[in-house]
Structure formats: structure tokens, C-alpha cells
A.B. asks: 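Mind having a look at this structure? Questions to follow.
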Amino acid sequence: MIRTIQKDGSTLDLEENSEELKKIFWHTTSHILAQAVKRLYPNTKLGIGPAIENGFYYDFRVERPFTEEDITKIEEEMKKIVKEDIPLERSELSREDAIKLMEEKGEQYKVELIKELPEGETISFYKQGEFIDLCAGPHINRTGKVKALKILSTSAAYWKGNQENDSMQRIYGISFPKASQLEEHLKLLEEAKQRDHRKIGKELDLFMTHELVGAGLPMYLPNGATIRRILERYIQDKEIELGYKHVYTPSLANVELYKTSGHWDHYKDDMFPVMKMDNEEMVLRPMNCPHHMLIYKNATRSYRDLPIRIGELANDFRYENSGAVCGLERVRQMCQNDAHLFVRPDQIKEEVGKVLNLIKEVYQKDFGFAETSFKYRLSLRDKNNKAKYIDNDEMWETAEAQLREILKELKIDFYEAEGEAAFYGPKIDIQIKTALNHDVTIPTCQLDFALPERFDLTYVGEDNKEHRPVVIHRAILGTSDRFISFLIEETKGLLPTWISPVQVKILPISDNQINYAEEVCKKLRKNDIRVEVDSSNEKIGYKIRKAQLEKVPYMLVLGAKEMETTSVAVRSRKTGDVGQMKVDEFVEKIKEEIETKEK
RNA sequence: GCCACUAUAGCUCAGUUGGUAGAGCAACGGAUUCGUAACCCGUAGGUCAGCAGUUCGAUUCUGCUUAGUGGCUCCA
């Protein structure tokens, strides 16, 4: 049990490994961090130091940024403070006294925080030895309870998260009541690194980058390109089944197109700069909606034609911050699995429902991703940030309510997030956590009443009058690039057979079986199986090890015995030696596995 | 874009008071023809990311550029 000092000053004993204690424990460690920093660098100004999902951080305004040596020293000082086993004491001050105290200490940011506290709010401080900090608590009662701590990383951060404000130095760390818990945590971090798609992508020759091509511009190697081709064919086939029509549109457009759509005002800073031609100004497109709007407009549409579903695997270009690009997860050229559904208002519910069902079919049925690996998010506008969103309160209220209703009707668990909508409308996003704990969107389904207006889209209704359609923007794989990064991390590179770039590797034991190996290879290839022969002059153990590291689902070991009986000795990546069977039997089995998309 | 860090052979990485570089794997050659996770011997491979500066001399020190890593901001 560990004693804590609660917000009202009372004490409460909590279990060492309880979730409740975790955050309190980390928060106190952030105070220890701040105390260590103030001891070593007294002129540092304190920002805030909360517990986070995994550990804690503290922001400091520093005279010069901390170097690695500084960080080592700070960590040592923290351990000293732990050894000193200092008790924490809570106290309250009036607003005036609190401001006075913090002004005396030169803590300008704390003064700012106090001034922002609502009238009547209790202003409490926590003191440990010579160090005192404005803090609501709760805290653990002694610094000595922190048996294991580690500073994990540093970063620049802006005061109150605003780029216009002062830049602070942020230090991240983690701590535990037991040393073994820290070891366990570090092990988990190490495991996450092992399934990082950039690491696996290199090991399996999936993609590469080159500084002559540029940041955020990966190139797909044959193995990665095969994965991408399979996925793109797969999703387009699904869409065709559901009545989508696919188009091709250019990656370039006149800048006027984006002025018409409204994207220019909202996002020109995130687009590649304009290319001036003789008479026109061209830009690389950051999204495909405007092109598809024009395709809709290319004909007179009847209410009977709707919904019209226009799909495209389209390359888009976004000038992502250099610090934001990351492997295949965040790139500057991406291939969107995009589609725009033009629907009548009375068709919204059904069409959004169909999109959500398709997402479910892909993510749960076909790929079998664990339900814990993604969350549905209803992304709403930020009502206080009018400039960022199209100004039409009624539209927003209706659209947001409609999406919420559909989610509830389909009994989908979701959470709501303000300020995450597109400028033209609310979205249902599916958020996933990457190996690096980044929260990113993959599939998305967005409701849009604005672009139809902007482009003056119409259909002729039953009443022979013109009506305005609604547009649903949706992406199932999100982008091919990000989907592949997710797929790699979820499977740790052990791709299901139907997506594996090489599904079977044939391993002749000696040169005597090479001809037979070629024969078997031909047969498999005729059955659309992706197969390779390893005819290198190596022992069978070596060939198996190599294929195993390449994560090939099946190895066929061919020796004299197999040749005599026109059979193959099958070895599975997962379960090892499976035994001998006739070639035809193996073909049937693997075809069945591919057909059913076995996990 | 911001802060810190990093860049050595195809890959993973050594290389300290500044004197132009190594290992393992991969590649290539030879020997071997082998039964379920690494056979042996040999050879070749580097403008030490790029550009400039300091120095008699720079992989090593300094600056800039490019790319990457961890975060921040951003993510239509």
C-alpha cells in the first residue's frame, strides 16, 4: 500500500499496482523532476507537469536547451531526491498570496495559471523540502516511494500547446514503485520497436527512401509493391460489387479549382506551392473531391440515378511538416482509397450505414484485426473556432446529429471529439494506435453539405425541380501507404498468405532436384500462387532459415523421396514440418487458404 | 516549421587526446551435393551523407545543407 495526499488534504492508501495510483505516482515523479531541475538550473521557469497515459512530463522554460549530459545529471539528481525520502505537504493560499509567492519565485507561468483559475477555486500547493509547486494534487506522501525512474526523452513544446507562445523544453519520464515494473515497461517499449513498420519494411524489402527523392516520399520495392497491388485490387473489387464506378483524374489542377472548393482558403499552406505556367497556375492536388464534383456535374442527374458512387485510387500530395513525416504512416505523396457518394438527403442514413458495414467487413471479417486495435470517433467541429469551419450552424447541427444517430443505431461503440471535423462537415473516423503509440486515422466517412453548394451540384427530383445532393466522402483503406504500415505492425510482418508477396518457397535439397523444383514451381504459378525457387548452393537448413526470416508462409522441401513420388514436404512458417503430400493436394490446400483469406 | 539527437561497406554496428578505416552477415569465386533455423576456404567492396571553414593534416573540431530518430505544432 502507498499513502496518498488527496485534493482535500485527506490521506488515502492505495494498492501499489492499482490504476488509480499510477497517475498520482507519475505526477509526483514529475514534481521530483522539477525539483531536480530547479536544484541544478535555478533560473529555469516551471511550466506544467502532468501524468500522461504512460508516465509523465514537465515543461520548462530554459536559458539554453538541455543536452544529453544535462539529462543524465537531472536523472541522477532525481534519484538523490528519492533517496532523501522527502515528505510532501499540502497547503492552501488565497489568490493574492499565491500570486505573491509565485512572483517572488519568478514563476511567471504559474502566475498566469493562477490568474486563470475560476473565482472561488481552492488554490493549493504541494511542498517537498525546498521545492514548492502550484498543484491541485493528489500526490503520494513521500518521494522515497519511487523505487524506479527513468527519463525517456525530451522535446520542444509550446506553452499551452500554442505555436505562437513561448517554446518550452519538455522532459518525459516514467516511474514505478518496483524496479521490476520499470524493466517490464522498458521491455514493452522494446517490443513495440520490433514491430515498427519501418524496421520490418527494411528487413522484408518492402520499401525504401532516398534523400535524392526527398522526405516523405517512399519507393515501393517489388515485395511492397506486390502487397499494395493485392490490397488495391481487393478493395476495388469490393467497391465494384457494391455499385461503385471508378474513374481516373489528374494529379494536377488549376489553382482555381481549389478556390472554388474552398480548400485554397483553408489549406493552401499545406499544399505544394503553385507552379506558374504561361497562362495558368497549377497545383499538385491534396485531395480528389473537387475533381469528382466536376465528374458529377458532367451530366444531368436524376433522382433515380442516385446514389452515384465515384471511386478512385488517387495520388494526393500534401506538404506535411518535415518533422511529421514517418515511414509509410505519414507521407507527402499518398494513394487514397477515395470515393464520393452523391446521395439524396433521404439516402444518407442507408449509404453511411453501408460504408460502416464495408469497414467492418474489411477490418473485422477479412483482416481480423483485434477490436481493441481501433476505435470509432465521431469528429465534430470546434464551435469556438468559426474560422476553421464552414459557417452554417444549421448544417452542422443536422449533420452531426445524423452521424451520431447512425452510429447508435448500428450499435457501434464510439467517442466524440470536438475540433476534429473536416472544414466542410463532420466525420466518422476510425482511429488506430501505431506501434509508436501515434493516434492516426485510417478509414473515414464524412458528411458534406458544403461542396455540393460550392459546385452548385443538382439532381432533378420526382417533382421535376432541381435539388441539392449530399456528398459522403469515404476511404476504407484510408491510404494504401498508411494501411500497409498498420497491416505490418498488426501482423508483425507475418502477413496472411493471401497478401504475402512470396507465398511459397521451393527448397531443393541438392542440385539433383532443381529440375523437379522448376516443374513444381511452374505448376503453382499456373494456379496464381506467388512462388520462388531457392536454387542456391546451400544446405537445406540454411535455405529454411532464410525463408523463415523472409516470413514466407510455406516452404516446400524437395529431396529424392519427393521427386520419386511427385510430392512435396510442406513446412509451415507457423507450425514447422507439416509432412509430405502430393503436389495437387498442396495446391488445393493453399488455394483454399488464399480464397478464404485465412488469418 | 520548432527542440534535442543521429548519419562509417548492401545490412547491423565497432572505431578518443585530429595522422585518410575495421567486424559479422549479405555479395562474388572455389570446395561441398547436404533432409527441416546459419558448411568450409578465399576475394572484392568505403570521396566515413553533401558543401564550406579551422589546421601542416579532418571520419574525428566548427558552420550550413540534406536525410533520419524521439517529441511539439499540424494532419482537408
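Every chain is numbered from 1, with letters handed out A, B, ... down the list of sequences.
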A.B. asks: So if I take every side-chain heavy atom of A/Gln163 and compare against B/rC3, B/rG71, B/rG1, which nucleotide ends up nearest?
C.D. replies: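 Comparing B/rC3, B/rG71, B/rG1 against the side chain of A/Gln163, the answer is B/rG1.
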
A.B. asks: Please determine, for the side chain of A/Asp196, which listed nucleotide (B/rG68, B/rU73, B/rG70) has the closest atom?
C.D. replies: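 Of B/rG68, B/rU73, B/rG70, B/rG70 is nearest to the side chain of A/Asp196.
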
A.B. asks: Send over the distance from A/Glu203 CD to B/rA26 P, rounded to a whole Å.
C.D. replies: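 That distance rounds to 15 Å.
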
A.B. asks: Quick check: on RNA chain B, is the nucleotide nearest A/Gly216 upstream (toward 5') of the one nearest A/Ser167, or the reverse? Name the residue that is more 5'.
C.D. replies: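 The residue mapped nearer the 5' terminus is A/Ser167.
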
A.B. asks: With a 3.5 angstrom cut-off on both distances, give the Watson-Crick or G-U wobble partner of B/rG53, or none if there isn't one.
C.D. replies: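 Pair assignment: B/rG53 / B/rC61.
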
A.B. asks: Determine the interatomic distance between C1' on B/rG46 and the same-named atom on B/rU20; round to the nearest Å.
C.D. replies: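 Approximately 11 Å lies between the C1' atom of B/rG46 and that of B/rU20.
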
A.B. asks: Is it the case that B/rC34 (base atoms only) and A/Asp511 (side chain only) share a donor and an acceptor within less than 3.5 Å, ignoring hydrogens and angles?
C.D. replies: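 Counting by modelled atom types and ignoring angles, no donor-acceptor contact under 3.5 Å is found here.
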
A.B. asks: Is any side-chain N or O of A/His210 closer than 4.0 Å to OP1 or OP2 of B/rA49?
C.D. replies: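 No.
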
A.B. asks: Is the NZ or CZ atom of A/Arg332 positioned over A/Tyr319's six-membered ring, under 6.0 angstrom from the centre and within 45° of the axis?
C.D. replies: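 Yes, cation above the ring, under 6.0 Å and within 45°.
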
A.B. asks: So, under a plain 3.5 Å distance rule, would you say the side chain of A/Asn512 forms a donor-acceptor pair with the base of B/rU33?
C.D. replies: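 Looking at the base of B/rU33, it does not pair with any donor or acceptor on the side chain of A/Asn512 (distance under 3.5 Å).
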
A.B. asks: Which base sits across from B/rU6 as a Watson-Crick or G-U pair, both distances under 3.5 Å?
C.D. replies: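 Pair assignment: B/rU6 / B/rA67.
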
A.B. asks: Scan A/Gly161 against the nucleic acid and name what it touches under 4.0 Å (heavy atoms): base, sugar-phosphate only, or nothing.
C.D. replies: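 The residue A/Gly161 makes sugar-phosphate contact but no base contact.
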
A.B. asks: With sugar-phosphate meaning primed atoms plus P, OP1 and OP2, does A/Gly576 contact a base, only sugar-phosphate, or nothing at under 4.0 Å between heavy atoms?
C.D. replies: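 Touches nothing.
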
A.B. asks: Could you measure between the two P atoms, the one in B/rA49 and the one in B/rU60, and give it in whole Å?
C.D. replies: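 Here B/rA49 and B/rU60 have their P atoms 8 Å from each other.
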
A.B. asks: Contact class for A/Gln548 (heavy atom, under 4.0 Å): base, sugar-phosphate, or nothing?
C.D. replies: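 It contacts base atoms.
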
A.B. asks: Using a cut-off of 4.0 Å on non-hydrogen atoms, how would the nucleic acid contact of A/Ala157 be classed: base, sugar-phosphate, or nothing?
C.D. replies: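 The residue A/Ala157 makes sugar-phosphate contact but no base contact.
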
A.B. asks: With rounding to the closest Å, how many angstrom separate the P atoms on B/rU16 and B/rU59?
C.D. replies: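 B/rU16 and B/rU59 have their P atoms separated by 15 Å.
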
A.B. asks: Please pick, from B/rC72, B/rU33, B/rG35, the nucleotide with the shortest atom-to-atom distance to any side-chain atom of A/Tyr158.
C.D. replies: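 Nearest to the side-chain atoms of A/Tyr158, counting from C-beta on, is B/rC72.
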
A.B. asks: Taking only side-chain nitrogens and oxygens of A/Lys561, does any of them come within less than 4.0 Å of OP1 or OP2 of B/rU36?
C.D. replies: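 So the side-chain polar atoms of A/Lys561 never come under 4.0 Å of the phosphate oxygens OP1 or OP2 of B/rU36.
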
A.B. asks: Any salt bridge between A/Asp439 and A/Lys375, counting N to O under 4.0 Å?
C.D. replies: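 Salt bridge flag = no for A/Lys375 with A/Asp439.
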
A.B. asks: Base, sugar-phosphate, or nothing: which does A/Glu420 touch, judged by heavy atoms less than 4.0 Å apart?
C.D. replies: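 The residue A/Glu420 makes no contact with any strand.
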
A.B. asks: Is there a donor N/O on one and an acceptor N/O on the other, under 3.5 Å, for the side chain of A/Arg330 and the base of B/rC75?
C.D. replies: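 Between B/rC75 and A/Arg330, which were checked side chain against base, a qualifying N/O pair under 3.5 Å is present.
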
A.B. asks: For RNA chain B, find the residues of residues 282-297 of chain A with a heavy-atom distance under 4.0 Å and give them by number; none if there aren't any.
C.D. replies: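 Close to the strand are A/Pro286, A/Met287.
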
A.B. asks: Under 4.0 Å, heavy atoms only, any strand: does A/Asn162 hit a base, just the sugar-phosphate, or nothing?
C.D. replies: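 Answer is nothing: A/Asn162 stays at 4.0 Å or more from every strand.
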
A.B. asks: Which part of the nucleic acid, if any, lies within contact of A/Glu538, taking any heavy atom under 4.0 Å across all strands shown: a base, the sugar-phosphate backbone alone, or nothing?
C.D. replies: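 The answer is base, as A/Glu538 lies within the cut-off (heavy atoms under 4.0 Å) of a base atom.
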
A.B. asks: Quick one: look up who B/rG29 pairs with, Watson-Crick or G-U, both distances under 3.5 Å, and put none if it's unpaired.
C.D. replies: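 Partner of B/rG29: B/rC41.
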
A.B. asks: What's A/Lys202 touching, base or sugar-phosphate or nothing? Going by heavy atoms closer than 4.0 Å.
C.D. replies: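 It contacts sugar-phosphate atoms only.
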
A.B. asks: With sugar-phosphate meaning primed atoms plus P, OP1 and OP2, does A/Leu549 contact a base, only sugar-phosphate, or nothing at under 4.0 Å between heavy atoms?
C.D. replies: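 If one applies the 4.0 Å heavy-atom cut-off, A/Leu549 turns out to touch a base.
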
A.B. asks: When the P atoms of B/rA21 and B/rC48 are considered, how many whole Å apart are they?
C.D. replies: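 It comes out at 10 Å once rounded to the nearest Å.
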
A.B. asks: Would you check if A/Asp205 and A/Pro222 make a side-chain contact, meaning some heavy-atom pair closer than 4.5 Å?
C.D. replies: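 Contact flag for A/Asp205/A/Pro222 side chains = no.
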
A.B. asks: Identify the heavy atoms of A/Gly425 and A/Ala421 that sit nearest to each other, and give their distance.
C.D. replies: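 That would be O-CB, 3.6 Å.
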
A.B. asks: Per the side-chain hydrogen bond (donor to acceptor under 3.5 Å, both in side chains) rule, which among A/Thr441, A/Asp429, A/Thr444 passes with A/Ser379?
C.D. replies: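 Of all the options given, the one that passes is A/Asp429.
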
A.B. asks: Using a cut-off of 4.0 Å on non-hydrogen atoms, how would the nucleic acid contact of A/Gly425 be classed: base, sugar-phosphate, or nothing?
C.D. replies: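 No contact.
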
A.B. asks: Compare the minimum distances between each of B/rG35, B/rG70, B/rC74 and the side chain of A/Ala560, then state the nucleotide with the smallest one.
C.D. replies: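 That would be B/rG35.
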
A.B. asks: What distance, rounded to whole Å, do you find between the two P atoms, one in B/rC61 and one in B/rU17?
C.D. replies: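 Pairwise P distance, B/rC61 against B/rU17, rounds to 12 Å.
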
A.B. asks: Could you tell me whether A/Ser322 contacts a base, only the sugar-phosphate backbone, or nothing, with contacts defined as non-hydrogen atoms closer than 4.0 Å?
C.D. replies: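 Base contact - A/Ser322 has a heavy atom under 4.0 Å of at least one base atom.
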
A.B. asks: If we take the P atom in both B/rU32 and B/rG68, what is their distance in whole Å?
C.D. replies: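 It comes out at 49 Å once rounded to the nearest Å.
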
A.B. asks: Identify the nucleotide, in any strand shown, that forms a Watson-Crick or G-U wobble pair with B/rG35, with both distances under 3.5 Å; if there is none, say none.
C.D. replies: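 Partner of B/rG35: none found under 3.5 Å.
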
A.B. asks: B/rA76 phosphate, OP1 or OP2: any side-chain N/O from A/Lys427 under 4.0 angstrom?
C.D. replies: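 It does, given that an N or O in the side chain of A/Lys427 lies less than 4.0 Å from OP1 or OP2 of B/rA76.
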
A.B. asks: Under a 3.5 Å limit for both distances, which nucleotide forms a Watson-Crick or G-U wobble pair with B/rC48, could you say?
C.D. replies: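 Across any shown strand, B/rC48 pairs with none.
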
A.B. asks: Heavy-atom count around A/Asn515 CG within 6.0 Å, excluding the residue itself: above 12?
C.D. replies: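 No, CG of A/Asn515 has 12 or fewer neighbouring heavy atoms, counting only those of other groups under 6.0 Å.
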
A.B. asks: With a 6.0 Å cut-off on the ring centroids, do A/Tyr376 and A/Tyr415 count as close?
C.D. replies: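 Judged by ring-centre distance (under 6.0 Å), A/Tyr376 and A/Tyr415 do not meet the cut-off.
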
A.B. asks: Between A/Phe56 and A/Tyr58, is the ring centroid distance below 6.0 Å?
C.D. replies: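 For A/Phe56 and A/Tyr58, the ring centres are not under 6.0 Å apart.
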
A.B. asks: A/Ser510 side chain: which of B/rA76, B/rG1, B/rU33 is closest?
C.D. replies: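 My answer, after comparing the listed nucleotides, is B/rU33.
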
A.B. asks: For A/Tyr172, which contact category applies under a 4.0 Å heavy-atom criterion: base, sugar-phosphate, or nothing?
C.D. replies: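 It contacts sugar-phosphate atoms only.
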
A.B. asks: State, yes or no, whether a side-chain contact exists between A/Val274 and A/Met282 at a heavy-atom distance under 4.5 Å.
C.D. replies: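 The answer is no; the side chains never approach within 4.5 Å.
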
A.B. asks: Which nucleotide, B/rA26, B/rC75, B/rU33, lies nearest any side-chain atom of A/Tyr542?
C.D. replies: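 So the nucleotide nearest the side chain must be B/rA26.
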
A.B. asks: OP1, OP2 of B/rG70 versus side-chain N and O of A/Arg198: anything below 4.0 Å?
C.D. replies: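 True: A/Arg198 side-chain N/O within range (under 4.0 Å) of B/rG70 OP1/OP2.
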
A.B. asks: Within the structure shown, what part of the strands sits under 4.0 Å from A/Arg170 by heavy-atom distance: base, sugar-phosphate, or nothing?
C.D. replies: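 Sugar-phosphate only.
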
A.B. asks: Provide the distance between the two C1' atoms, one in B/rA9 and one in B/rU47, to the nearest whole Å.
C.D. replies: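 Straight-line distance between the two C1' atoms is 14 Å.
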
A.B. asks: Using whole Å, what does the distance between atom P of nucleotide B/rG70 and atom CD1 of A/Ile71 come to?
C.D. replies: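 Nearest whole value for this atom pair: 18 Å.
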
A.B. asks: Is the terminal nitrogen or CZ of A/Arg381 (NZ for Lys, CZ for Arg) located under 6.0 angstrom from the six-membered ring centre of A/Tyr389 and within 45° of that ring's axis?
C.D. replies: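 No, A/Arg381 does not sit over the ring of A/Tyr389.
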
A.B. asks: Report the residue (A/Glu562 or A/Arg318) whose heavy-atom-nearest nucleotide on RNA chain B is the more 5′ of the two.
C.D. replies: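 Closest to the 5' end, via its nearest nucleotide, is A/Glu562.
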
A.B. asks: When the P atoms of B/rG42 and B/rC25 are compared, how many Å lie between them, rounded to an integer?
C.D. replies: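 Between the two P atoms, the distance is 12 Å.
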
A.B. asks: In the strands shown, is B/rG22 matched to any nucleotide by a Watson-Crick or G-U wobble pair with both distances under 3.5 Å, and which?
C.D. replies: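 Pairing partner: B/rC13.
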
A.B. asks: Counting only heavy atoms not in A/Lys589, do more than 12 sit closer than 6.0 Å to its NZ atom?
C.D. replies: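 Not more than 12 within 6.0 Å, no.
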
A.B. asks: May I ask you to say what A/Lys193 touches in the nucleic acid, namely base, sugar-phosphate or nothing, with a heavy-atom cut-off under 4.0 Å?
C.D. replies: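 The residue A/Lys193 makes no contact with any strand.
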
A.B. asks: What's the CZ-P distance between A/Arg545 and B/rA38, to the nearest Å?
C.D. replies: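 Those two atoms, CZ and P, are 7 Å apart.
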
A.B. asks: To the nearest Å, how far apart are A/Met271 CE and B/rC75 P?
C.D. replies: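 In whole Å, B/rC75 P and A/Met271 CE are 15 Å from each other.
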
A.B. asks: Look at atom NZ of A/Lys160 and say whether more than 12 heavy atoms of other residues, nucleotides or ligands are closer to it than 6.0 Å.
C.D. replies: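 More than 12 heavy atoms, drawn from other residues, nucleotides or ligands, come within 6.0 Å of this atom.
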
A.B. asks: Rounded to the Å, how far apart are A/Ile540 CD1 and B/rG35 P?
C.D. replies: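 Checked: the CD1 to P distance equals 9 Å.
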
A.B. asks: Of the candidate nucleotides B/rG71, B/rC75, B/rU36, which contains the atom at the shortest distance from the side chain of A/Arg571?
C.D. replies: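 Of the options given, the side chain of A/Arg571 lies nearest B/rU36.
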
